[in-house]
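Computed over heavy atoms, backbone and side chain alike; hydrogens, waters and symmetry mates excluded. All values derive from a computational prediction rather than experimental measurement.
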Amino acid sequence: FKIVEFFTFFRKSQKFEYALNTGKGQGAPIKEQPGRAPKMLKLCALLAFLIKILCVLLISSVYSTLRTIETEEPVEIQRKAYNRLVKWKKESNGKSALLIEGARRIGKSTVAERFGEREYKSYILVDFNKASKKVRDNFETNLNNLDIFFQVLSLEYNKPLFKRESLIIFDEIQKFPKARESIKYLVADGRYDFIETGSLISIKENVDDITIPSEEEKLKMFPCDFEEFARALGEDVLLEYIGKCFAEKKPLEDHFHKRATRLFREYMLVGGMPQSIVAYVENNRDFSKSDKEKRKILDLYRDDIRKASKRYNSKVSAIFENIPGYLSTHEKKIVLTEIDKSNAATFSKYDEPLFWLDDSMICNLCYKCDDPNVGFALNKNDSLVKCYLCDTGLLVSLAFSENEIASNQLYKAIMDGKISLNEGMLHENMIAQMIRAKGRKLFFYTEYDAAKHRNSMEIDFLISNERPDA
């Protein structure tokens with residue numbers, strides 16, 4: 001308003017100057033005193049001109065900022081699982097559903113929904129965390145009349161369905177096992193494609209009283225790997241260079257080796273959970289922002305553990321919270337006497353807690369193989385097990401308190417290689433994470449020397465040579 005007021009004054013000043021120069025108009029009576037007025041008017045004109053320029057620059061800056069806000073896209077992580085979905089669609093051609101298993105918050109729903117949006121004419125996402133009673137009842141009352149069944153879904157979610165061109169996603173299917181059982185009939189109908197997502201798919205509580213459909217293919221999803229992380233940070237060129245050197249069996253040049261090593265350390269600390277990566281990228285690589293997101297995920301896991309069966313949820317919690325402690329020791333094995341002071345603590349009594357952690361995919365269990373020459377699974381020793389966290393970034397946040405990380409000094413020390421903790425704990429957890437992401441189970445081997453009362457041989461991870469791709 002002040003600017004408008006000034007321009008009004010300036011327009012009047014122009015008329016006044018005209019009156020002084022011509023002897024006409026309101027300024028005419030003071031024509032006999034022409035000295036100071038013209039100089040002041042010229043000064044006002046100059047000031048008005050400068051203000052005009054400033055206003056133009058300000059408006060231009062605001063407009064540019066608004067355009068940036070409107071056009072800036074959120075960070076999109078390119079997941080390799082997406083290509084697996086494309087392959088499934090092509091090969092199954094509606095003859096099977098796809099069940100995507102994985103820990104909470106690793107991006108199962110996101111990749112399924114993105115797939116539906118880009119590869120189909122329409123899609124419906126049924127989230128059983130918040131599905132209405134009408135949707136749930138639909139599985140009970142209308143499976144014998146699939147025309148009505150699909151009509152209810154279409155109307156409830158306000159999405160049209162097209163034969164062989166639509167995808168229906170059952171999200172968090174462990175919350176409603178009846179939907180999983182219905183897959184048999186829905187796939188046989190053949191009109192649409194179906195994807196299920198969930199965790200804790202196999203625990204007893206989620207499979208009681210239902211028939212597991214044979215028309216189900218399974219895809220296990222894990223946290224983002226190093227390549228997915230690097231691409232999210234815009235390091236495509238560096239990845240191509242690493243791949244080229246690997247293919248040619250040549251070492252990286254020193255400069256690029258240091259850059260790649262630093263990037264891998266970032267990955268080890270931020271981790272592969274999409275929520276953490278997005279926070280890290282959107283806040284200019286701020287470790288503390290990433291840490292806040294990881295702590296939210298850890299709290300979510302703790303809530304899930306509390307909801308587990310009362311028979312064993314306290315045991316699950318004890319193992320989960322002690323993972324950093326186990327991995328910081330030399331042998332890294334679970335020691336039951338540290339979480340259960342009773343003399344009755346045996347691994348047979350911890351079968352269910354360990355199965356829960358494994359099935360939730362929160363943890364990666366690594367069992368001792370007594371004789372690796374015969375076969376890993378055939379010689380698995382269930383009484384000797386290591387427990388790694390599914391994501392190394394989460395392990396960092398679980399191992400250290402929020403106050404220790406708040407100043408970013410801890411992350412700086414780790415990035416500079418000056419941390420006093422057993423950094424091997426992080427590296428070993430990362431290797432376990434990578435092996436599991438390749439679809440392999442984890443085994444280790446030790447050989448005990450009775451005379452020396454210690455292990456004479458220790459192999460942290462065993463990998464068979466039956467698969468050349470791993």
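No donor-acceptor pair closer than 3.5 Å links the side chain of Ser276 to the backbone N or O of Glu293. In terms of modelled atom types and a separation under 3.5 Å, the side chain of Asp225 and the main chain of Glu228 share a donor-acceptor contact. Here the side chain of Asn429 pairs no donor or acceptor atom with the backbone of Met425 at under 3.5 angstrom. A donor-acceptor pair under 3.5 Å is absent between the side-chain atoms of Ser317 and the main chain of Ser314, judged by distance alone. Looking at Asp171, its side chain never comes within 3.5 Å of a backbone N or O of Thr197 through a donor-acceptor pair. The backbone N or O of Leu354 sits nowhere less than 3.5 Å from a side-chain atom of Asp358 that would complete a donor-acceptor pair.
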Step-by-step salt bridge (Lys or Arg N to Asp or Glu O under 4.0 Å) determination, Arg302 to Glu321: CA-CA 9 Å; Arg302 291 184 178 104; Glu321 298 295 348; 2.7 Å; yes
Glu91/Glu217 under side-chain contact (heavy atoms from CB on, under 4.5 Å): CA gap, chis, key distance, verdict: CA-CA 11 Å; Glu91 293 180 352; Glu217 294 182 39; 6.0 Å; no
Derivation and outcome, side-chain contact (heavy atoms from CB on, under 4.5 Å), residues Glu119 and Val86: CA-CA 8 Å; Glu119 306 295 334; Val86 172; 4.2 Å; yes
Criterion salt bridge (Lys or Arg N to Asp or Glu O under 4.0 Å) on Asp303 and Lys307, from CA distance to verdict: CA-CA 6 Å; Asp303 287 341; Lys307 293 173 186 174; over 6 Å; no
Verdict with reasoning, Ser464 to Arg440, per side-chain contact (heavy atoms from CB on, under 4.5 Å): CA-CA 10 Å; Ser464 68; Arg440 291 176 174 272; 3.6 Å; yes
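Under a cut-off of 6.0 angstrom, the local environment of CZ in Phe162 is crowded, with over 12 non-hydrogen atoms contributed by other residues, nucleotides or ligands. The environment of Arg84 atom CZ is sparse: at most 12 non-hydrogen atoms of other residues, nucleotides or ligands sit within 6.0 angstrom. Counting heavy-atom neighbours within 6.0 Å of Asn83 CG, excluding the residue itself, gives a total above 12. Remark: Arg104 CZ is packed, more than 12 non-hydrogen atoms of other residues, nucleotides or ligands lying under 6.0 Å away. Other residues, nucleotides and ligands contribute over 12 non-hydrogen atoms within 6.0 Å of the NZ atom of Lys80. The local environment of CZ in Phe246 is sparse, with at most 12 non-hydrogen atoms from other residues, nucleotides or ligands closer than 6.0 Å. At most 12 non-hydrogen atoms from other residues, nucleotides or ligands lie less than 6.0 angstrom from NE2 of His257. The 12-atom threshold is not exceeded at CG of Asn144, counting heavy atoms of other residues, nucleotides or ligands nearer than 6.0 Å.
Between Ile77 and Cys224, the shortest heavy-atom contact is CG2-SG, 3.8 Å. Taking both residues in full, the closest heavy atoms of Ala232 and Ile277 are given as CB-CG2, 3.9 Å, listed atom of the first, atom of the second, then distance. Ala97 and Glu196 make their closest contact through CB-OE2, 3.9 Å (heavy atoms, listed as atom of the first residue, atom of the second, distance). Here the closest non-hydrogen pair linking Pro223 and Asp391 is CB-OD1, 3.8 Å. Among all heavy-atom pairs drawn from Ile124 and Leu153, the shortest one is CD1-O, 3.8 Å. Shown here for Tyr241 and Phe256, the closest heavy-atom pair between the two residues is CE2-CB, 3.5 Å.
Annotation: the span from Leu200 atom CG to Gln174 atom CD amounts to 6.5 Å, rounded to 0.5 Å. A distance of 7.0 Å separates CG in Leu155 from NZ in Lys134, rounded to the nearest 0.5 Å. Here the CG-CD1 distance, from Leu98 to Ile169, works out to 10.5 Å after rounding to the nearest 0.5 Å. Once rounded to the nearest 0.5 Å, the distance linking CD of Glu215 with OG of Ser92 reads 12.5 Å. Distance NZ/Lys332 to CG/Asp460: 6.5 Å, rounded to 0.5 Å. Here CG of Leu298 is found 13.0 Å from CZ of Arg105. Values are rounded to the nearest 0.5 Å.
Between Asp299 and Arg295 there is no salt bridge, since no side-chain N of the basic residue sits under 4.0 Å from a carboxylate O of the acidic one. Using a cutoff of 4.0 Å between basic side-chain nitrogens and carboxylate oxygens, Asp147 and Arg191 are scored as salt-bridged. Ion pairing between Arg285 and Glu235 holds under the 4.0 Å rule for side-chain N and carboxylate O. Ion pair Lys178/Glu181 flagged as a salt bridge, since at least one NZ, NE, NH1 or NH2 atom sits closer than 4.0 Å to an Asp/Glu carboxylate oxygen. Residues Lys289 and Glu282 are not paired through a salt bridge, judged by the lack of any N-O separation under 4.0 Å between the basic side chain and the carboxylate. Taking 4.0 Å as the cut-off between side-chain N and carboxylate O, Glu117 and Arg114 do not count as a salt-bridged pair. Using a 4.0 Å cut-off between charged nitrogen and carboxylate oxygen, Asp193 and Lys89 do not count as a salt-bridge pair.
No hydrogens or angles considered: nothing links the side chains of Ser360 and Ser199 as a donor-acceptor pair under 3.5 Å. No hydrogens or angles considered: a donor-acceptor pair under 3.5 Å links the side chains of Lys294 and Ser397. Arg231 and Gln78 are not linked by any side-chain donor-acceptor pair at a separation below 3.5 angstrom, with hydrogens and angles left out of the test.
Leu219 is not listed as a side-chain neighbour of Trp88, based on a closest heavy-atom distance of 4.5 Å or more. A 4.5 Å side-chain heavy-atom check between Lys386 and Ile334 finds every atom pair outside the cut-off. Side-chain contact check for Tyr445 versus Asn381: every heavy-atom pair is 4.5 Å or farther apart. Side-chain contact between Tyr267 and Met430: present, with at least one pair of heavy atoms (C-beta onward) separated by less than 4.5 Å. The shortest side-chain heavy-atom distance between Ile168 and Phe150 falls under the 4.5 Å cut-off. Two residues are said to be in side-chain contact when any heavy atoms from C-beta on lie closer than 4.5 Å; Leu233 and Val281 meet this criterion. Looking only at side-chain heavy atoms (C-beta outward), Tyr448 and Thr446 stay at 4.5 Å or farther from each other. At a threshold of 4.5 Å between non-hydrogen side-chain atoms, the residues Leu395 and Leu327 count as touching.
A cation-pi arrangement, defined by a distance under 6.0 Å to the six-membered ring centre and an angle within 45 degrees of its axis, is absent between Lys441 and Phe376. A cation-pi arrangement is present between Lys159 and Tyr123, with the terminal nitrogen or guanidinium carbon under 6.0 Å from the aromatic centre and inside a 45° cone about the axis.
In this structure, Tyr280 has its ring center closer than 6.0 angstrom to the ring center of Phe287. Here the two rings, on Tyr312 and Tyr350, have centers that are 6.0 Å apart or farther. Within the 6.0 Å centre-distance limit, the rings of Phe139 and Phe170 are counted as a close aromatic pair.
Each of Ile362, Val396, Asn364 was compared with Leu389 under the side chain to side chain contact (heavy atoms under 4.5 Å, CB included) criterion, and only Ile362 meets it. Tyr388 pairs with exactly one of Tyr367, Phe444, Phe461 by the ring-ring contact (aromatic ring centres under 6.0 Å, His included) rule, that one being Phe461.
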